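Comments concern the structure below.
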Amino acid sequence: MKGIITLLLACALATPAWAEVAPRPEYRGKGHMLQTTQDQIRIAGYLALPKGAGTHPGVVVIQEWWGLNDWVKQQTDSLALHGYVAFAPDLYKGKVAYDEATAHQLMSGMDEGEAMKTLRAGADFLRSRQDVRANGIGVIGWCLGGRYAIRLSAADPGIRACVAYYGAPITDPAAIQGFQAAILGNYGGDDQGPSPDQVQAFEAALRKAGKKVDFKIYPGAPHGFANQNNPWGGFRPAAAKDAWGRTLAFLNKELKLASLPGKKG
């Protein structure tokens, strides 16, 4: 609960009280919504599949505090176009926020333990699929999703690659030591949730523990800089483009190529 409160404060710092996101027409993507049961846990989410036969790496895609909205589905589709079986679990159970007050309510009402069970079931769902390489599971998330991407990677030793956009760090040494995934972090220099100092401390702790880490802090970039729908003027096109390029290169190396048949792991 302490982590959720911290994230709420971070979003509040980045969010003027008047901000509101207007509803947009329903996104018609390449993927589709599904419901399934995995590990006796009922999960729903958006699944996007790559072209081509054979097996592919899988990526768990974790939403921002707005929920499983069109932008998250677009990122999921983009990952599928780059060769990943991408699945975005719905942590808000069908609800999507279009304004700050609703997003605050949905995020503060979410149970962290339940969310983690859903995400772990989502990763296991990908592993269970015949078109997914069980040794090639990664995770990506933004803001709320970045926070959970880090925590899912710390809790699930089968996660091979983690991409966190402005995700709140973990500080528990045992959790850091148990981190098995390579981790890529994209953070804003003008963000205070987490701040650059917190990001650098997290990076140093990961390196001290011998983990594979690549963090970048973008000068002048605020929280949510990678989302062109950022309603508070925080979108930074150059930083967003660079961060996405880093993301694709990282996933290609640490997930796609490393999980090819014949590779260890």
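What you see is a predicted model; the values in this text were computed from it and never measured.
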R127, R120, Q180 screened by side chain to side chain donor-acceptor pair (under 3.5 Å) with D156, the one that passes
R127
Return yes if some donor-acceptor pair links the side-chain N/O of [X] with the main-chain N/O of [Y] below 3.5 Å, else return no.
X    : Y    : value
H223 : G193 : yes
S108 : H104 : yes
R236 : P222 : no
R147 : I170 : no
S78  : Q74  : no
D90  : A44  : no
D77  : G31  : yes
R160 : P57  : no

Proximity of W71 and W142 rings by center, below 6.0 Å:
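Distance test on ring centres: under 6.0 Å, yes.
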Just so I know, are the side chains of [X] and [Y] near enough to count as touching, which here means a heavy-atom distance under 4.5 Å?
X    : Y    : value
I176 : K208 : no
V60  : F125 : no
R129 : H56  : no
L68  : M33  : yes
L119 : P89  : yes
P169 : E203 : no
R42  : Q35  : yes

To the nearest 0.5 Å, what is the distance between [atom1] on [X] and [atom2] on [Y]?
X    : Y    : atom1 : atom2 : result
N227 : E64  : CG    : CD    : 4.5 Å
K256 : R133 : NZ    : CZ    : 8.5 Å
D191 : Y218 : CG    : OH    : 14.0 Å
I183 : L206 : CD1   : CG    : 5.5 Å
Q63  : N69  : CD    : CG    : 8.0 Å
L81  : L49  : CG    : CG    : 11.0 Å

So if you build clusters from Ile, Leu, Val, Met, Phe, Trp, Tyr with side-chain heavy-atom gaps below 4.5 Å, do W65 and F235 land together?
no
Identify whether L34 and I43 are in the same connected component of the hydrophobic contact network (ILVMFWY, side-chain heavy atoms under 4.5 Å).
yes
Plane angle bin for Y187 and F215 - parallel if under 30°, tilted between 30 and 60°, otherwise perpendicular:
tilted
Are N186 and W244 close enough, and set up right, to give a side-chain contact (heavy atoms from CB on, under 4.5 Å), and what steps lead you there?
CA-CA 9 Å; N186 296 312; W244 188 243; over 6 Å; no
How close do [X] and [Y] get, counting heavy atoms only, and between which atoms?
X    : Y    : value
A243 : F225 : CB-CE1, 4.2 Å
E100 : W66  : N-CZ3, 4.0 Å
L251 : V163 : CD2-CG2, 4.0 Å
A121 : D39  : CA-OD2, 3.9 Å
Y84  : N252 : OH-N, 3.2 Å
V199 : P194 : CG2-CG, 3.9 Å

Carefully, step by step, assess K95 and Q105 under the rule side-chain contact (heavy atoms from CB on, under 4.5 Å).
CA-CA 11 Å; K95 296 180 180 179; Q105 181 182 37; over 6 Å; no
Apply the side-chain contact (heavy atoms from CB on, under 4.5 Å) test between V85 and each candidate in V59, L126, I137; give the one that qualifies.
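Answer after filtering V59, L126, I137: L126.
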Check this for me: K211, atom NZ, are more than 12 non-hydrogen atoms of other residues, nucleotides or ligands nearer than 6.0 Å?
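Counting other residues, nucleotides and ligands, NZ of K211 exceeds 12 neighbours.
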Show, in sequence, the C-alpha distance, side-chain angles and deciding distance for I140 and Q75, and conclude whether the side-chain contact (heavy atoms from CB on, under 4.5 Å) test is met.
CA-CA 10 Å; I140 183 173; Q75 310 318 302; over 6 Å; no
Given L144 and I62, is the side-chain contact (heavy atoms from CB on, under 4.5 Å) satisfied, shown in steps?
CA-CA 8 Å; L144 168 75; I62 312 181; 5.8 Å; no
